[in-house]
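A quick note: this is a predicted structure, and the numbers were derived from the prediction, not measured. Note that these values count all heavy atoms, side chains included, but never hydrogens, waters or copies made by symmetry.
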Amino acid sequence: MNSRMLKNALILGLITAIGPFAIDMYLPALPAIGLDLGADTAAVQASLMTFFIALGVGQLIYGPISDIFGRKKPLYFGMLLFAVSGIGCALATDINWLIGLRFFQGVGACAGGVIARAVVRDLHTGAEAAQLMSLLMLVFSISPILAPLVGSGIVAFGDWRTIFWVVTIAGILGFFLVLFFLEESHPPSARSSGNVRAIFASYMQVLKDRHFLAMTFVGAFGMASFMVFLANSSFVFIDHYGLNPTQYSFAFSINAVSFFAVSQLNGTLSRRFGLLPLIRFGVIGFSATMITMFVVMAIGFNAWPVMSSFLFVGYGFLGLVVPVTAVLALESHGKNAGTASAMMGTLQFMVAAIAMAVSGALYDGTALPMVASIAVSALIGLTITMFSLRQKREPAAAE
């Protein structure tokens, strides 16, 4: 590992974390937002869902644009849009205003995620890419670990609107990180044509790659399970189990620590065992844990420490899955890494948004609908893995 890899991991991790930071930080404030704006649970969750939809749809724009104009210019636009929208959210006076502005904030935030993955593919493939992706996620982990704690502190001593002023500052800092510290990884000689036909052809090439789609959807249902937890956990822990916002923040952060800590083993394990065996092991462990959790809670052992213990173990296994599926999906798409990264991100956020909507509609004031949705997501990911990787060999590094 060299200093350049560490620097890139730090910068890419921080700009990728800006979007999730805008989610995780305001999770403890969801009940307070509903009370202040006179909105029900479904409407408050809609502000979260529209953010996710924007994160998915917006990537389809940033991906090919970054292939055409380079990685840095789209990041400038995204960070500025995120900051301006954050100001609007802080000034929102009704839930519809907040929902609309959260969409634009999501469009700005998604630049970091899609372009960061493309930069990783620009620089590395194979085990090195898995290591960099995992390092990126380690930096990224600052969001789900610290953001809920910061958000609960703001809610306890201030106002939920302050949260959006803080995330606006984060967007401005992201802009300056890109401006002064991130090197352009996609030089003019490697860039794509700027016409619409070429962009469409590039997307069609990606969609015809069955291995790309399989790895994308394995990662998608893994992430969907985490997003279901993210969308419902504040209501389950605070309203159902009676935790206060600070206690909830610690309970939420523990699962994030498990996910990101285990993900740091990916570089070493992929070099020793290979990427595909690592994926199989991670998916099987994740699915077995989450399905067992559902069965145990369905028969009556449903105290929150029981649920949290299963989630801690399950999301640890998921840390072996998500970074590696991203590397494998992009492995053969070096020339159009931005487009491939965009399609991957869009499909994954669409799956997550649907899973969040279903789990939200099923919410009955208990933990079981959330747990069932997590288990179903894990089972679907397992099915795709077993079917698609049955005869798949370890890929060779692509140009």
Side-chain angles (χ1 to χ4, degrees), residues 12-13 15-16 19-20 52-67 71 74-75 78 106-107 109-126 129-130 132-134 136-137 140 185-186 192 199-227 263 266 275-276 279 282-283 318 320-355 377 380-381 384-385 388-389 392 395 398:
L12 296 175
I15 63 173
T16 302
F52 275 106
I53 292 172
L55 282 174
V57 175
Q59 294 187 59
L60 292 174
I61 301 171
Y62 288 110
I65 286 177
S66 74
D67 285 339
R71 309 304 184 199
L75 282 171
V107 172
C110 71
V114 63
I115 296 176
R117 290 191 299 268
V119 171
V120 171
R121 180 56 187 84
D122 289 340
L123 301 175
H124 302 284
T125 59
L132 179 55
M133 195 75 74
S134 297
L136 185 155
M137 296 191 74
F140 170 89
S185 63
H186 196 57
S192 305
I199 293 173
F200 180 78
S202 184
Y203 272 123
M204 291 306 298
Q205 179 186 356
V206 170
L207 289 172
K208 289 178 182 178
D209 184 345
R210 294 183 180 179
H211 182 64
F212 167 84
L213 291 176
M215 291 297 93
T216 293
F217 280 111
V218 171
F221 283 100
M223 288 304 300
S225 73
F226 192 80
M227 297 309 174
S263 74
N266 282 324
L275 296 174
L276 296 180
I279 283 289
V283 170
L318 189 62
L320 299 176
V321 176
V322 174
V324 179
T325 55
V327 170
L328 287 172
L330 299 177
E331 194 80 27
S332 59
H333 295 280
K335 293 182 179 180
N336 58 346
T339 300
S341 176
M343 181 57 69
M344 178 175 67
T346 296
L347 292 174
Q348 291 183 341
F349 275 105
M350 286 175 61
V351 170
I354 293 170
S377 297
I380 295 173
I384 297 172
T385 301
S388 64
L389 298 186
K392 188 74 178 177

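- Residues T325 and T216 have side chains not in contact (no heavy-atom distance under 4.5 Å, counting atoms from C-beta outward).
- M223 contributes atom CE, which lies 11.5 Å from atom OG of S377 (distance to the nearest 0.5 angstrom).
- In plain terms, the two heavy atoms of A109 and G19 that are nearest each other are CB-CA, 3.6 Å.
- Judged by distance alone, with hydrogens and angles left aside, the side-chain atoms of R121 form a donor-acceptor pair with the main-chain N or O of E331 at under 3.5 Å.
- Here the closest non-hydrogen pair linking M227 and A352 is CG-CB, 3.8 Å.
- You'll find the side chain of P64 reaches within 4.5 Å of the side chain of Y203, heavy atoms only.
- Between S185 and R71, the shortest heavy-atom contact is OG-CG, 3.5 Å.
- Side-chain contact between R117 and Q59: present, with at least one pair of heavy atoms (C-beta onward) separated by less than 4.5 Å.
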Next on the checklist: Run S225 and L318 through side chain to side chain contact (heavy atoms under 4.5 Å, CB included) and show every step you take.
Outcome noted: CA-CA 10 Å; S225 73; L318 189 62; 4.1 Å; yes
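- Contact annotation: the side chain of F217 never approaches that of I380 to less than 4.5 Å [non-hydrogen atoms, C-beta and beyond].
- A distance of 7.5 Å separates SG in C110 from CD1 in I61, rounded to the nearest 0.5 Å.
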Next on the checklist: Run I199 and T339 through side chain to side chain contact (heavy atoms under 4.5 Å, CB included) and show every step you take.
Outcome noted: CA-CA 8 Å; I199 293 173; T339 300; 5.8 Å; no
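- For the pair I384 and V283, the minimum side-chain heavy-atom distance is 4.5 Å or more.
- When side chains are defined from C-beta on, L276 counts as touching L328, because their heavy atoms get closer than 4.5 Å.
- In terms of heavy-atom proximity, S341 sits nearest to L330 at N-CD2, 3.6 Å.
- Looking at N266, its side chain does come within 3.5 Å of a backbone N or O of S263 through a donor-acceptor pair.
- Contact check for V351 versus L347: no side-chain heavy atoms found under the 4.5 Å cut-off.
- Using a 4.5 Å heavy-atom threshold, the side chains of L75 and Y62 count as separate.
- The heavy-atom pair separating S202 from N336 by the smallest distance is OG-ND2, 3.1 Å.
- Side-chain atoms of T346 do not come within 3.5 Å of backbone N or O of M343 as any donor-acceptor pair.
- Of all heavy-atom pairs spanning D122 and A337, the tightest one is OD1-CB, 4.2 Å.
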